[in-house]
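Okay, so here's the structure we're looking at.
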Number of protein chains: 2
Amino acid sequence: MSETQRLPRSDNRLKLVLDEAARLFREKGYAATSMRDIAAAAGMLPGSLYYHFTAKEDLLVAVYEEGVRLITEKVQAAVARHERPWERLEAAAVAHLEALLKTGDYALVVIRVLPRDVPGAAARLLRLRDRYERLFAELVAALPLPAETDRDALRLMLLGSLNWSQHWFREDGRATPRAIARSYIRLLREAQKP
Amino acid sequence: MSETQRLPRSDNRLKLVLDEAARLFREKGYAATSMRDIAAAAGMLPGSLYYHFTAKEDLLVAVYEEGVRLITEKVQAAVARHERPWERLEAAAVAHLEALLKTGDYALVVIRVLPRDVPGAAARLLRLRDRYERLFAELVAALPLPAETDRDALRLMLLGSLNWSQHWFREDGRATPRAIARSYIRLLREAQKP
DNA sequence: CAGAAAAACAAACGACTGTTTGCTTTATAC
DNA sequence: GTATAAAGCAAACAGTCGTTTGTTTTTCTG
């Protein structure tokens, strides 16, 4: 009955594998990234990846989970620094966009790789993303808005435009993630003044 | 010197190939769709596709071109029915979203397949999409807005949120493409009233 | 230091990839 | 009606795909 369990070895390269997988999934997408690409980037042989993950889909899910964790963490920390509803939403929008465009690869994979493109893991990916987006639903619910304002539309419009910005954003430009998120919030906020 | 040029045959299946390619590219994305998938869907052998297209990338470009043509056509027709700037932009937004979510496969491929995912054709795809998006820049430029309003942000926010709706829109729901586009416009428009 | 588990190597499996080549069928044009 | 070009078939090319299996190396644990 002695289940001999041992701690991971100190020289293990799981973290490196995840980092390189995140980078490649973000750069080329899921289907266009091969297990051989990831293995080569991590300096190991293709078959070795299967010691850590039983399938390519599980590797993606692991990256996805870390991405959601990172964004959630940043957004929650940013929101906690404010008290007024609109300022909390603005802080969330800024943190969300900075996580996507500045933090690195994990976060971007979450909105770059579409769940429907990974049939065997779509359900798991959607569950992760839905849980995160509920954060924004709560922030929008707390806004002081005229009764006729469509809160769902407001939330979807904000998140949609933020997420889409990955496709046109250029690092060199003068528009920072923070400035973009703020201008979007301003466009929405002005509309809701009595 | 007699260059014997002949008309395409009446039984040719080029249109069918394009239709099936558009459907598959929309459903599974570019990388996950194989030439064999397309050939099988069109009821022919893989090699036969190369009579019509010299490479998979060219097949995508052909679908893309038709998609841009369709959206442009619908948006221009819708805009022409109105005179006041905000109504013209709203008509464009509605037509854009209906083209994506109702018209069919060609239009959706244009925003579903990312140019960067098709290295050999990225430049061609981007040129097509930029030309189309200039339509919206003109419509936004014509809006009567306060001097401090950021017109670029407004355009990017509108198009971004419209394009992102492909990811959450469900046909069964009560929200039609028309209603979604109108609620987005309303959120922006109210903000700009003096 | 000995034993065991962790982590990776080495090599291959069959299936699938985009594409090419040569040949055949068939509608069109004169 | 017959030459001719359009369209597609049939079969294969070399390469890549995700994954499996057996073995080896290396670190940790007692």
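So you know, we letter chains A, B, ... as the sequences are listed, proteins then strands, and number each from 1. Quick note: numbers below take in every heavy atom, side chains included, and nothing from hydrogens, waters or symmetry partners.
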Check if the side chain of A:R36 and the base of D:dT16 share a donor-acceptor pair of N or O atoms closer than 3.5 Å. no

Regarding B:L7, tell me which of base, sugar-phosphate or nothing describes its non-hydrogen contacts under 4.0 Å with the strands shown. sugar-phosphate

Give the residues of residues 112-122 of chain A touching DNA chain D, defined as any heavy atom closer than 4.0 Å, sorted by residue number. none

Let me know, please, whether A:G47 or B:A32 comes out on the 5' side of the other along DNA chain C by nearest nucleotide. A:G47

Would you mind reading off the distance between A:D37 atom CG and D:dT19 atom P, rounded to a whole angstrom? 14 Å

Kindly say if B:S48 contacts the phosphate of D:dC9, meaning a side-chain N or O under 4.0 Å from OP1 or OP2. yes

Can you tell me how far P of C:dA7 sits from CG of A:L16, to the nearest Å? 14 Å

Taking 4.0 Å as the cut-off, does a side-chain nitrogen or oxygen of A:H52 come that near to OP1 or OP2 on C:dA8? yes

Shortest side-chain distance from A:S34, nucleotide among D:dC17, D:dT27, D:dC9: D:dC17

Under-3.5 Å donor-acceptor pair between B:R9 side chain and D:dA6 base: yes

A:Y51 side chain, from C-beta outward: closest of D:dA7, C:dA6, D:dT19: C:dA6

Would you mind reporting whether A:E65 and A:L128 have side-chain heavy atoms less than 4.5 Å apart? yes

Neighbour count >12 (heavy atoms, 6.0 Å) for atom NZ, B:K74: no

Under 3.5 Å, is there a donor-acceptor pair between the A:D37 and A:T33 side chains? no

Send over the distance from B:I38 CD1 to D:dG8 C1', rounded to a whole Å. 17 Å

Looking only at side-chain N and O atoms, does A:T54 come under 4.0 Å of OP1 or OP2 in D:dT19? no

Let me know the distance between CE of B:M44 and C1' of D:dA11, rounded to the nearest Å. 16 Å

Short side-chain donor-acceptor distance under 3.5 Å, A:H96 and A:N163: yes

With a 6.0 Å cut-off (strictly less than), is the heavy-atom count around CZ of B:R151, excluding the residue itself, greater than 12? yes

Could you say whether B:P8 or B:K56 is positioned toward the 5' end of DNA chain C, judged by the nucleotide with the nearest heavy atom to each? B:K56

Expressed as a whole number of angstroms, how long is the span from A:L49:CG to C:dA10:P? 15 Å

Candidate nucleotides C:dT17, D:dC9, D:dT27, ranked by approach to the side chain of B:R13 - the nearest: D:dC9

Please report the C-alpha distance between B:R134 and B:E138 in whole Å, then the side-chain angles of each, then the deciding distance to 0.1 Å, and finally whether the salt bridge (charged side-chain N to carboxylate O under 4.0 Å, His left out) criterion is met. CA-CA 6 Å; B:R134 217 166 298 153; B:E138 290 168 14; over 6 Å; no

Taking only N and O in the side chain of B:N12, is any of them less than 4.0 Å away from OP1 or OP2 of D:dA6? no

For a quick check, tell me whether the side chain of A:R6 and the base of D:dC28 share a donor-acceptor pair closer than 3.5 Å. yes

Interatomic distance where CE belongs to B:M35 and P belongs to C:dT17 [whole Å]: 12 Å

Go through C:dT19, D:dT20, C:dA29 for me and flag the one nearest to the B:Y50 side chain. C:dT19

Rounded to the nearest 0.5 Å, what separation is found between the CH2 atom of B:W168 and the CG atom of A:L156? 4.5 Å

From CG of A:L45 over to C1' of D:dG18, roughly how many Å is that when rounded to an integer? 15 Å

Under a 4.5 Å cut-off applied to non-hydrogen side-chain atoms, are A:D105 and A:F25 in contact? no

Send over the distance from A:E57 CD to D:dG18 P, rounded to a whole Å. 11 Å

